[in-house]
Protein chains: 2
Amino acid sequence: MATKPKFTAQHEQIARIAKALSHPARVYILEKLNGLQTCCTSGEMIGDIPIARSTLSQHLKELKYSGLIQGDIEPPKIKYCINRKNWKIAKMILNDFMK
Amino acid sequence: MATKPKFTAQHEQIARIAKALSHPARVYILEKLNGLQTCCTSGEMIGDIPIARSTLSQHLKELKYSGLIQGDIEPPKIKYCINRKNWKIAKMILNDFMK
DNA sequence: AAAACATTTCGTAATTTTGCGAAACATAAA
DNA sequence: TTTATGTTTCGCAAAATTACGAAATGTTTT
């Protein structure tokens with residue numbers, strides 16, 4: 001019996017991770033938070049990229065939703081950091097896929 | 001003088017590669033062509049995924065445009081293969097980014 | 001020349017993404 | 001309590017993505 005095929009959960013997971021990395025602003029954010037080993041406020045990021053504050057905020061929200069970053073509130077600022085656990089998982093999944 | 005920042009070429013390159021991987025149909029195609037070490041026609045792929053032939057064709061076109069795959073015409077079929085050179089480059093760039 | 005085959009292109013629609021400025025929110029300082 | 005600071009949410013618009021079926025393309029077989 002020919003059942004209707006679906007995308008596999010694995011393919012969807014890889015696609016979701018890739019999507020998080022699919023915009024230069026998000027690549028910049030992730031690189032800054034991961035590469036420089038620091039947490040960082042949106043105010044410290046906005047000077048480096050050609051988008052409005054509200055747009056940056058949207059990208060941060062998306063990355064938070066993806067689980068790759070997290071935001072720690074330190075009034076009146078919000079310090080964004082890499083979520084090390086999920087970053088490691090994403091790294092393994094992508095590296096394995098690109099083998 | 002405060003000049004308007006731009007996204008860097010590197011950030012844009014990473015984003016472009018990630019975008020190619022950001023849809024489950026394209027993940028499936030790349031996995032099939034790379035993982036199974038074979039070339040493959042669109043007719044051989046269509047049975048495995050829940051999209052129309054014309055939509056699959058669009059995704060193939062996008063992957064061709066990204067440089068990650070290539071299509072060799074063998075009338076009346078078209079055999080799609082991984083572009084090993086570009087795949088290797090993409091792999092290095094992504095792995096380095098995810099370090 | 002007609003029919004069959006494999007695939008793409010076209011036209012179009014629905015949805016998602018990206019972007020901005022204005023307004024709102026929350027906290028701290030004056 | 002007003003003002004200042006840092007950031008997000010809202011409302012909206014423009015652009016890009018995803019999707020489909022129908023028609024077109026190019027090739028081989030009959």
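All heavy atoms count here, side chains included; hydrogens, waters and symmetry mates do not. Here is how names work: the chains are called A, B, and so on, in the same order as the sequence lines, proteins then strands, and each is numbered from 1.
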Between atom NZ in K61(B) and atom C1' in dC10(C), what is the gap in whole Å?
10 Å

Tell me which nucleotide among dT7(D), dT7(C), dG21(D) gets nearest to the side chain of S54(B).
dG21(D)

To the nearest angstrom, how far is K79(B) atom NZ from dT8(C) atom P?
15 Å

Would you say dT7(D) has OP1 or OP2 under 4.0 Å from some side-chain N or O of S42(A)?
yes

Given atom CD1 of I29(B) and atom C1' of dT7(C), what is their separation to the nearest angstrom?
14 Å

Please state whether the rings of W87(A) and F97(B) are parallel, tilted or perpendicular, taking 30° and 60° as the class boundaries.
perpendicular

Given atom NZ of K77(B) and atom C1' of dT25(D), what is their separation to the nearest angstrom?
18 Å

Of all heavy-atom pairs between G35(B) and K99(A), which one has the smallest distance, and what is that distance?
CA-NZ, 4.5 Å

Should we count CD of E74(B) as having more than 12 external heavy atoms under 6.0 Å?
no

With hydrophobic residues grouped by side-chain heavy-atom distances under 4.5 Å, do L21(A) and Y65(A) end up in a single group?
no

Rounded distance in Å - CG (D72(B)) to C1' (dA6(C))
16 Å

To check you understand the geometry: which heavy-atom pair defines the closest contact between G67(A) and N83(A), and what is its length?
O-CB, 3.2 Å

Give me the atom names and distance for the closest heavy-atom approach of L68(B) to A90(B).
CD2-CB, 3.8 Å

Whole angstrom is fine here: how far is it from CD1 in I78(B) over to C1' in dT25(D)?
10 Å

Mind jotting down which residue pairs meet the salt bridge (Lys or Arg N to Asp or Glu O under 4.0 Å) criterion with at least one end in residues 48-72 of chain A? Sequence neighbours excluded, please.
R26(A)-E62(A), K32(A)-D48(A)

Closest heavy-atom pair and its distance - P50(B), P5(A):
CB-O, 3.1 Å

In B/S/- notation, 5' to 3', how is nucleotides 24-30 of chain C contacted by protein heavy atoms closer than 4.0 Å?
---SS--

What is the distance from CZ of R16(A) to P of dT17(C), rounded to the nearest Å?
13 Å

Disulfide bond (SG atoms under 2.5 Å apart), that's the test. Do C40(A) and C81(A) meet it? Break it down for me.
CA-CA 7 Å; C40(A) 193; C81(A) 317; over 6 Å; no

Grab the CG-P distance between L56(B) and dT8(C) for me, whole Å please.
7 Å

With sugar-phosphate taken as primed atoms, P, OP1 and OP2 and all else as base, the protein-contact string of nucleotides 12-19 of chain D at under 4.0 Å (heavy atoms; B, S, -) is ----SSSB

